[in-house]
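Only heavy atoms go into these numbers, but all of them, side chains included; no hydrogens, no water, no symmetry mates. Because the structure is predicted, anything quoted here is derived from the model rather than measured.
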Amino acid sequence: MEAPKISESEWAVMEVLWEDSPRSAPAVAKQLKKQTDWAENTVRTLITRLVEKGALKVEDESQSPKLYGPAVAREECVEAESESFMERIFKGATQPLLVHFASQARLSPEEVEELKKLLDEATDSNLS
């Protein structure tokens, strides 16, 4: 199954549920209230959209209140979002993306070494 496209607001709801689920809509709203000041009805609307998109599932339809949990893994959504971003902004080209982030990011020496290692591993696996 392809990861559904989710908005920034929906992403906030998903983060709460990826962190700890299943949870009720009021519990999600309470958690998000700290950072967003959204009303519970707003969170319920977002949850409904996410269920319709297949990103969330109702854990037990007979239970009240309903408990929601992710129907897709965070990693799947991150990968889909990354591909979408790269296609939209860099027309799918990896090299300009890497050059942009390497030149704009303030990387520690350890982070630079980790990136070098990842690039070396990617190069090695492409040659195999």
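Contacts of Asp37 classified as salt bridge (charged side-chain N to carboxylate O under 4.0 Å, His left out), with partners at least two apart in sequence or in another chain: Lys33. Shown here are the side-chain contact (heavy atoms from CB on, under 4.5 Å) partners of Lys30, two or more places apart in sequence or in another chain: there are none. Residues passing the side-chain contact (heavy atoms from CB on, under 4.5 Å) test with Ala73 are Glu75, Glu76, sequence neighbours excluded. Every residue was checked against the salt bridge (charged side-chain N to carboxylate O under 4.0 Å, His left out) condition with Glu79, not counting sequence neighbours, and none meets it.
Note: Ile6 CD1 to Glu81 CD = 7.0 Å, rounded to the nearest 0.5 Å. Note: Arg23 CZ to Ile47 CD1 = 10.0 Å, rounded to the nearest 0.5 Å. Between atom CG of residue Leu32 and atom NZ of residue Lys34 there is a gap of 9.5 Å, rounded to the nearest 0.5 Å.
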Run the side-chain donor-acceptor check on residues 57-71: report pairs under 3.5 Å with partners two or more places apart or on a different chain.
from, atom 1, to, atom 2, distance (Å)
Asp60, OD1, Ser62, N, 3.1
Asp60, OD1, Ser62, OG, 2.8

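Sorted by first and then second residue, the side chain to side chain donor-acceptor pair (under 3.5 Å) pairs involving residues 107-118 (not counting sequence neighbours) are Ser108-Glu110, Ser108-Glu111. Within the structure, the ring-ring contact (aromatic ring centres under 6.0 Å, His included) test picks out no pair touching residues 25-50 (sequence neighbours left out). Sorted by first and then second residue, the salt bridge (Lys or Arg N to Asp or Glu O under 4.0 Å) pairs with a member in residues 95-107 form an empty list; sequence neighbours excluded. Among residues at least two apart or in separate chains, side chain to side chain donor-acceptor pair (under 3.5 Å) pairs with a member in residues 8-17 are Ser7-Glu10, Glu10-Lys53, Trp11-Glu15, Glu15-Arg74.
If you chain together hydrophobic residues whose side chains sit under 4.5 Å apart, Leu107 and Leu119 never meet in one group. Leu56 and Val78 fall within the same hydrophobic cluster, defined by Ile, Leu, Val, Met, Phe, Trp and Tyr side-chain heavy atoms under 4.5 Å apart, directly or through other members.
When all heavy atoms of Pro4 and Val72 are compared, the closest pair comes out as CD-CG1, 4.0 Å.
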